[in-house]
Structures are given as structure tokens and as C-alpha cells.
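To start, the structure itself, in C-alpha cells.
What you see below is based on every heavy atom in this structure, not just the backbone, and it leaves out hydrogens, waters and symmetry mates. Every number for a ligand or one of its atoms is a count from 1 in the order of the listing. Nothing fancy with the numbering, it's 1 onward along the sequence.
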Amino acid sequence: MDTKRLNETSKFLSYVLRHEPQAIGLQLDGEGWADIGSLIAGAACDGRSLDIALIQAVVDSSDKKRFSLSEDGLRIGAVQGHSNASVRIQYIEKEPPALLYHGTATRFLDSIREKGLIAGSRHHVHLSQDMPTAIAVGQRYGKPVVLEVEALRMHQQGFSFFQADNGVWLTDHVPANFLSM
Ligand code: HQG
């Protein structure tokens, strides 16, 4: 399968499964699942031809394991990263490691010093387990910088942490006093 087609389809799936399912008349349930038949039909109305083999190839080749298929193979969902209000995945709370990392761009630092890390349009602040991943995340927005988050100390003080199936850590808000920058 050609890489360009896989990438384009992955971006399209991220868009409809995390943010704007209504753009193709698709419905997500509370856990973020969409019916694959409806996804293919909705995409077709949008002039995009998807089929099971292509969807399966995107799921299998996703470097960050962004999507998962239900066991019966009938539904697909994004594992994390949602902004859509109809989705509220019940992630299982988990004790985080001592430190987690957040990659961002230097131009956001002043605002982060003031407000801490905020989820913005997504449902959670996203944190990485390792520095190289955080650098790659930060690079998407400009000159990258990696902030260390004192995750375990936050957890001990009552903040909840969750880990998505693809390993990304999630929390609601990181006050600036738990960040080293
Ligand atoms: C920044 C990608 C100003 C934050 C990645 C980030 C990740 C603030 C941006 C996943 C701020 C939001 C999520 C504040 C946070 N003032 N800026 N107080 N607090 N920010 O894309 O974490 O490839 O919504 O640092 O790999 O960058 O899509 O979040 O720069 O896992 O699968 O506001 O998305 O995965 O940007 O990335 P995003 P993110 P995928």
C-alpha cells in the first residue's frame, strides 16, 4: 500500500474519529467507536473511497497506534486525542512514573508559565513517557522544547492520570509548579 495514501487516510481518520465526525454524518458513541460501514459510506459521500483493507492497513501501520478496531471488526475508534464533545472515554486511572515529558514549542512558554499546561481543544493534556517522543510532538508547532512534569508528585497530591492504549499519558491540567522548564 503506498505511503502517501496511508498518510492521507490516517489524517482523515484522525479528523473524523477525534474531532469532526459530523463532517461526514458519522456518529461516535461515548467511548469513541464508529461503525465501519457508516464510516465508509460517509467517506464515499465526501468523495473519498475507503475500504476495509485500506482501513486495516492504516490501523496496522500507525506509528503511534492511533486507532483500534473492535474485536468483532465492525467498529473503529481513535485511542486518544479527541476534542469531540460526544466522546468521553472512561480511561482507567493509573499511577504515573516519577517524571513524564511534554513537548511543546518555545513560543508557548510564557503562557505555559502563567497557566500551566492546559488541554486546549482536546479533552486532556498529553504527556510522553520519553524525551525523544516529546521532542517530536513539540516539533509540530515550531522550535521544540521539552518540559519535565513531576507526575508522581502530582498524583500523590490527588491529580488523576490515565494511560491510553497506545501508551500516551493523559491528565486534565498541569499547574506550572509541577513543571521544570
Ligand atoms: C500547548 C499528537 C499556550 C501545548 C501528538 C501544545 C500528541 C499551551 C498545544 C497529541 C498551554 C496544544 C497531542 C498554555 C499547553 N499556553 N500553549 N497554557 N498549555 N499548550 O496538538 O500535546 O500525531 O492539542 O504545549 O503526538 O501537542 O495527532 O496537543 O503545543 O500525542 O496522533 O498547546 O497529538 O499525536 O496542541 O499533542 P495539541 P499536543 P497525533
Near ligand 1, which residues have a heavy atom under 4.0 Å away from one of its atoms?
Arg18, Lys64, Arg66, His102, Thr104, Phe108, Ser111, Ile112, Lys115, Gly116, Leu117, Ile118, Arg122, His126, Val137, Arg140, Tyr141
Inspect the surroundings of CD in Glu20 and state if more than 12 heavy atoms from other residues, nucleotides or ligands are less than 6.0 Å away.
yes
Flag if over 12 foreign heavy atoms under 6.0 Å of CD, Gln157
yes
Is there side-chain contact between Leu17 and Ile76, with heavy atoms separated by less than 4.5 Å?
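In contact.
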Is a donor from one side chain sitting under 3.5 angstrom from an acceptor on the other, for Thr133 and Asp130?
yes
Parallel under 30°, tilted from 30 to 60°, perpendicular over 60°: which one fits the rings of Tyr91 and Phe162?
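Plane angle between 30° and 60°, so tilted.
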Within 45° of the axis and under 6.0 Å from the centre of the six-membered ring of Tyr141, does NZ or CZ of Arg107 qualify?
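No.
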